[in-house]
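Comments concern the structure below.
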Amino acid sequence: MSTSQGNEEREHAAYDFAYVQEKWLPVWDELTPFKSGRADDARPKKYVLDMFPYPSGDLHMGHAEAYALGDVIARYWVQKGFNVMHPIGWDEFGLPAENAAIKRNEDPRIWTYENIATQKASMRRYACSFDWDRVFNTCDPEYYRWNQWLFLKLHERGLAYRKDSAVNWCPGCQTVLANEQVVAGLCERCDSAVTKKKLNQWYFKITDYADRLLDDMQQLEGLWPDKVLTMQRNWIGRSTGANVQFVIEGRSEPISIYTTRPDTLYGATFMVVAADSELAAELAAGTTADKDFKAYVEKIKADSDIDRLATDRPKSGLFLERYAINPVNGEKLQIWASDYVLADYGTGAIMAVPAHDQRDLDFARAMKLPVRVVVETGEEDPSETGIATVGDGTVINSGSLNGLNKAAAIAAINAQLEKDGLGKSARNYRLRDWLVSRQRYWGTPIPIIHCEKCGEVGVPENQLPLTLPDAAGLDLKPKGTSPLGAATAWVNVKCPKCGADAKRDTDTMDTFVDSSWYFLRYPSSTNNDEPFARKDIDTWLPVDQYVGGVTHAILHLLYSRFFTKVLGDMGMLSFNEPFTRLLNQGMVVMDGSAMSKSRGNLVRLSDELAHHGVDAIRLSMVFAGPPEDDVDWSDVSPSGSVKFLTRAWRLSGDIASAPGVDFTKGDVTLRKATHKALNDAGIAVETFRFNVAIARVMELVNATRKAIDSGCGPADPATREAVEAIAIMLSLVAPYTSEEMWERLGHKPAVARAGWPTVDPSLLVDESVVAIIQINGKIKERIEVSPSISDADLEKQAMAHPVIVEELKGATILKVIARAPKLVNIVINS
RNA sequence: GCCCCGAUAGCCCAAUGGCAGAGGCAGAGGACUUAAAAUCCUCCCAGUGUGGGUUCGACCCCCACUCGGGGCACCA
C-alpha cells in the first residue's frame, strides 16, 4: 500500500490505470469482499446471476457488457448491506468444443480447459464481483452425473421417453435438433437447411407442463421483459377449440378433427388430412388414387422446411376418393390430402371452411372446391374476393345456430356436439416435446442400458457418473450415429436387472439439459452427494436477479422453468419460477451491425482494455444507454470515460479534511447535491437505468470540483462527504478507480464493502423552489416560493404579481389551475 | 401478412401530463504553458418523425400514417 509520501509523489501525475489494476488485484484476492454465505453472515440474501459463458475463446465485447451490467447490480446490493451470491461457472458441452477437437485432432477437454483458464483470468482482471468458491464446469463428471441422475428421475416419472417421429435433422452437424434450435428452417449452429428424418429419439415431456408454463407467467408480469413473456406465450401457443367426429364412408372408426371455429361447422365443404400422416396413407390405400398419393408424399418429403415456410407457396394436394359425413347436416364431403395440414398438430385432420379460413380458401380456389358463407360479417363474398372473412359476425345457413354471434355460436355448438357424443371442446399447443438426444460425442451420456429382455433399464444410481469413454481412438467426425457407439468396451455391458448381455444407449444429451438446472447447483457446488441440498436451495433460491442476452428468451428460459416445475413436483424445491426478475442486455455492435471478423468490424476486448483500462471500458458499457439497448461501440467514447474517471480520481487527492470528520458541519449546498445524487442514483440502479445513475455521479463530480475550487473549499467536511459518496457510487462500475480514491481518502480497502451512505431526507428538500406562472399555457413569470406552499397561497401570489396583473388587464378569467409548488395556469379568453 | 418496441440537438441519451436538457461525445472560444499535451472555465445547437384528437396544459395519453428494430409466420 502506498505511503503518504508516495501519494504526494503521484498527486499530480495522470491517473495510471495499469499500475492501479496491478496494485489492487492481489489485495482483493486476499480480502474476498464478495464471498457469500459465510456461516455468521446475518445480512439478508440476494442471488444475482449472470448467464454462464461458453468457453469458446477469450472474453469478447459482449461478455464485457453483460458482466459490467450484472456487476452493477451485484455490487449495488452488496453496498446496500445484502449477502449477495454472485456466482460464475462454465457451460462447456456442445459443438464448438467438439468441432475444435476434430480440427485439432485432440480431446475436446484440452481446448475447453485452456479457454476456461483464459476466460477466468480475464474475468478476474475485469474485476467481476464473482464468488470464486462456487465455480463448476458442466463437462466435469461431478456435474454431469446429476444430469444423468435427473434424467433417470424424469424417466421414472414417464417424463423422459423414446418415440419414433419425423425429427429435425441437421445435415451439417449430422445430428437431430430440438424445434427450438431450428431458426427459420435453418440449424441455429451451422445454418444448414434442416431436413426431416424418421428416427427413434429421446424426448422430455415438456408438453405436460404447457399450461403451467403459460399460466405461471402471470407472476413474472412486470418483472421480466414483456418481450420475453410474449415470445414464450407465442412459443407455447395454446389454442382452444373443439374436436369433432366425422363419420367416414367405408371406415368403421370416425375421424376426429380439431377446429378453433366450431361455429362454422355448417360451412365445411371438404376435409383435409396431413399428407404425411398414417391416416392419409390408410385412407388412400386400396383406392385408385393410391398411386398418385404415394407420388405426392414422395414429392413433399423432398421439400425442405425453407420451401414449406415460403409465404407465397401455392397450395398442393390430392383427392383421396373418400368421403366424410358432416355430423351437423349429413353432407358428404370430399377428403383431400395436403401438406398444409400438419401431421403432428391437433389430430392431423381438419374440416375445411374456405369462406372463413384463408388457407382453406386458397386450397378451395386452387382445387375448384365449393365455398359456403356461414358467418355474415358485412364484408364481400370470399369466393369472389379470394379473401376469407375471419372476423366476428352473424351466423347464417347454420340451422339452430342462425342469428348468433361467434362466441354464442361456439358455446351452442359445443354443447350440442357434447350432448350428441360427436365432439367436445379441446386445447392444442404449438409447443412440442423437447427432443434431448444427440448423435455427438461431447455431451452427457444418456444413462440407459438397452436389454433385449428388460427393455430400457436405468444405470443404477450408485454407478453414476457414467463417464464419457476416452475420446482417444474414437472418430468424432459427424456421421449420423453417435461416436460413442464405436467404444465397444464402453457400450457392451450386462443388464443391471437380469445380467444378460446388453448395450448402453450411445446418444448424449442436448447441452440445454446442463443449463436447465445449473442455477440450483451454485449454492451446493461442492456437494458430491446430491445435485443440490434442500437447505441451500431454501436459503438462496429463487434467483432474485437474472442477467443475460435475449437470445435465450425461449430455449434456456423455457427449459429452466420446466425443470423447476418438475423438481417442484418431485418435492425437491418449493417455488415454481426460478428467476424472479430478468434483465436482458442488448448486444455490442459496431457501426450499426453485429461484429464479425468477416465483416471487418470486430473490436477486440483485449485491445480496448489495454488502451483504456478496465474501468473505462466498464463505464463506457454501462453509460452507453439503457442496458436493454444495443451498444454501438462507434458511438461510445472510452477516452471520455478515462477523462471522467481521472477527474473523479483527482478529487480524492484534493480533500484536506481527515476521515471521520463530522459531515453535518459541512456546507449545506454541496451536502444537498451529495444526498440527492445518492438518492437518485440508488433509484436509477434499482430500476435498471444505470446510464442515468452515472449521469448523477457526473453531476456530483462537477459540483464537487466547483465547491473545491471556488466554493466551500477542500477542508469543508461536505467535500469529503461528496468525494466519499462518489467513490462508493463509482465502485459499482469502476472498481479500481474507486478503490484508489478510497485509499487516497484515508480508508482501508475494500470500498466495495464500505456501504451505501444513508440518505438524509431533510437534505432532499429545497428551501425554496421556482414556480412558473402561465397564462393560457404560456409562461409569463417565475416566482420563488416555499416547497410546502398551498395551492391557494400560490394562486394568491400569482394573481397579485405585478406582471400578471398587467397581463390580465381587461381579460376575463375563465379558470385558474394551481399545482403547488410548481405552477399556476390562468385561463383567459383573449 | 400478423404482433411488439422505438423515433428528443451533428451523435449517444435524460425528462411522476406542468420551465424540453440531467449527463456525455463532437464542435467553438478563453485561462494556464516557451509550446504542446493534460487540466480548468465559458459557449454554441433541437422544440420532441408526420397528421389529427383529448386536456387549462402533451415528448408523455388516444387514433391514423412514415421510418427503424425485433418476434411469429400454413398450428386449422
Side-chain angles (χ1 to χ4, degrees), chain A residues 12-15 183-185 225-231 233-235 237-239 241 257-262 264 272 274 308-313 315 338-342 344-353 356-360 362-363 390 428-432 550 553-554 586 592 619-620 623-626 628-632 634-641 643-644 646-647 650 677 680 684 689 691-702 705-706 709-710 770-782 814-819 822-828:
Chain A
H12 298 289
Y15 172 68
V183 180
D226 287 340
K227 189 177 156 182
V228 175
L229 295 177
T230 305
M231 284 168 74
R233 285 196 181 101
N234 289 342
W235 189 262
R238 180 163 66 196
S239 93
I257 61 96
Y258 174 70
T259 178
T260 56
R261 293 293 302 277
T264 62
V272 187
R308 296 178 66 100
L309 290 173
T311 48
D312 50 356
R313 189 166 195 254
K315 290 280 184 288
S338 174
D339 65 347
Y340 88 92
V341 171
L342 307 176
D344 61 349
Y345 183 79
T347 61
I350 63 152
M351 65 171 191
V353 186
H356 308 298
D357 182 279
Q358 190 61 48
R359 297 152 301 190
D360 295 346
D362 293 343
F363 192 81
V390 298
N428 269 304
Y429 305 87
R430 161 182 271 109
L431 182 71
R432 302 294 198 274
V550 75
I554 296 174
L619 177 67
S620 299
F623 185 56
E628 57 275 11
D629 287 6
D630 285 351
V631 175
D632 195 324
S634 63
D635 287 333
V636 307
S637 169
S639 57
S641 297
K643 223 163 89 176
F644 164 70
T646 309
R647 201 166 137 82
R650 205 180 306 113
D680 292 359
R689 286 147 56 240
N691 52 327
V692 176
I694 289 170
R696 293 290 100 84
V697 181
M698 288 174 167
E699 268 179 285
L700 183 58
V701 167
N702 292 342
R705 180 78 267 155
K706 202 167 276 181
D709 291 348
S710 57
V770 175
I772 56 170
I773 307 171
Q774 303 175 321
I775 294 176
N776 287 351
K778 290 199 175 61
I779 297 158
K780 295 294 176 186
E781 194 50 74
R782 291 154 218 272
L814 299 176
K815 200 172 181 180
V816 180
I817 295 111
R819 290 281 180 276
K822 286 186 162 175
L823 69 87
V824 178
N825 189 14
I826 304 157
V827 186
I828 60 173

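Everything numeric in this text was worked out from a predicted model, so none of it was measured.
Rounded to whole angstrom, the span from the CD atom of A:E699 across to the P atom of B:A14 amounts to 15 Å. Computed from coordinates, the A:D362 CG to B:G1 P distance equals 15 Å when rounded to whole Å. When the P atom of B:C3 is taken as reference, atom CG of A:N234 falls 12 Å away, rounded to whole Å. Here B:C72 presents its P atom at 10 Å from CZ of A:R430, a figure rounded to the nearest Å. To the nearest angstrom, P of B:G70 lies 19 Å from CG of A:D226. Summarising the geometry, the separation between CH2 on A:W235 and P on B:G70 is reported as 18 Å, rounded to the nearest angstrom. One can place CZ of A:R696 at 10 Å from P of B:A22, the figure rounded to the nearest angstrom. B:G68 atom P lies 17 Å from atom CG of A:D630, rounded to whole Å.
Counting any heavy atom pair closer than 4.0 Å across all strands shown, A:R432 reaches a base atom. Heavy atoms of A:F623 sit under 4.0 angstrom from at least one base atom. Residue A:K227 is in sugar-phosphate contact alone, with no base atom involved, counting any heavy-atom pair closer than 4.0 Å across all strands shown.
Closest to the A:P626 side chain, of the nucleotides B:A14, B:G71, B:C41, is B:A14. Of the candidates B:A20, B:U42, B:G18, the closest approach to any side-chain atom of A:I779 belongs to B:A20. Side-chain proximity of A:N691 to B:A14, B:A76, B:G18: nearest is B:A14. Comparing atom distances between the A:D339 side chain and each of B:G18, B:A76, B:C74 picks out B:C74 as nearest. Comparing B:A76, B:C74, B:C11 by their nearest atom to the side chain of A:K315 picks out B:C74.
Here the side chains of A:Q774 and A:I779 are in contact, with some heavy-atom distance below 4.5 Å. Between A:R647 and A:N702, some side-chain heavy-atom pair lies under the 4.5 Å cut-off. Contact of the A:T264 side chain with the A:M351 side chain is registered, since non-hydrogen atoms from C-beta on lie closer than 4.5 Å.
Comment: A:R261 does not engage A:D357 in a salt bridge, judged by the lack of any side-chain N to carboxylate O separation of less than 4.0 angstrom.
Of all nucleotides present, none satisfies the Watson-Crick or G-U wobble test against B:A38 with each distance under 3.5 Å. Figure legend. B:C45 is base-paired to no nucleotide; pairs are counted as Watson-Crick or G-U wobble with both atom distances under 3.5 Å. B:U54 is unpaired under the Watson-Crick or G-U wobble criterion, no partner having all donor-acceptor distances under 3.5 Å. Pair assignment for B:C32: none, as no Watson-Crick or G-U wobble contacts are both less than 3.5 Å. Pair assignment for B:C60 gives none, since no Watson-Crick or G-U wobble pairing has each distance under 3.5 Å. Across all strands shown, B:C2 pairs with B:G71; the Watson-Crick or G-U wobble distances both stay below 3.5 Å. With a cut-off of 3.5 Å on both pairing distances, B:A14 has no Watson-Crick or G-U wobble partner at all. Nucleotide B:A20 has no partner under the Watson-Crick or G-U criteria, as no pair reaches both atom distances under 3.5 Å.
Of the side-chain N and O atoms in A:T646, none sit less than 4.0 angstrom from OP1 or OP2 of B:A38. Between A:Y340 and B:A76 there is no side-chain N or O to OP1 or OP2 distance below 4.0 Å. Contact annotation: A:N702 side-chain N/O to B:C41 OP1/OP2 distance is not under 4.0 Å. Distances shown here put a side-chain N or O of A:R689 below 4.0 Å from the OP1 or OP2 atom of B:A15. Side-chain N/O atoms of A:R650 include one lying less than 4.0 angstrom from OP1 or OP2 on B:C40. Distances shown here put every side-chain N or O of A:R705 at or beyond 4.0 Å from the OP1 or OP2 atom of B:C41.
Using atom C1' as the reference point in both B:A9 and B:A20, the two lie 11 Å apart (nearest Å). Nucleotides B:G57 and B:C41 place their C1' atoms 38 Å apart, quoted to the nearest Å. To the nearest whole angstrom, the two P atoms, one in B:G29 and one in B:A38, are 16 Å apart. Spacing between B:G53 and B:C60 at atom P, rounded to whole Å, works out to 14 Å.
A donor-acceptor pair under 3.5 Å is absent between the side-chain atoms of A:N428 and the main chain of A:S239, judged by distance alone. A donor-acceptor pair is defined here as one N or O able to donate and one able to accept, closer than 3.5 Å; such a pair exists between the side chain of A:N825 and the backbone of A:G777. Of the possible polar contacts, one joining the A:N776 side chain to the A:I828 backbone as a donor-acceptor pair under 3.5 Å is found.
With hydrogens and angles ignored, no donor-acceptor pair closer than 3.5 Å exists between the side chain of A:R261 and the base of B:A76.
Aromatic ring orientation, A:F363 versus A:Y340: tilted (interplanar angle from 30° to 60°).
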Self-check item: side-chain contact (heavy atoms from CB on, under 4.5 Å) between A:D360 and A:I350, worked out
Solution: CA-CA 10 Å; A:D360 295 346; A:I350 63 152; 3.5 Å; yes
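Where A:M698 and A:M351 each meet RNA chain B at their nearest nucleotide, the meeting point lying more 5' is that of A:M698. Toward the 5' end of RNA chain B, the nearer of the two residues A:L431 and A:T230, judged by each one's closest nucleotide, is A:T230.
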Practice problem: At under 4.0 Å between heavy atoms, which parts of nucleotides 52-57 of chain B does protein reach? Answer with one letter per nucleotide, 5' to 3': B base, S sugar-phosphate only, - none. | Solution: ----B-
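For B:G70, the glycosidic angle deviates from 0 by more than 90°, giving an anti base.
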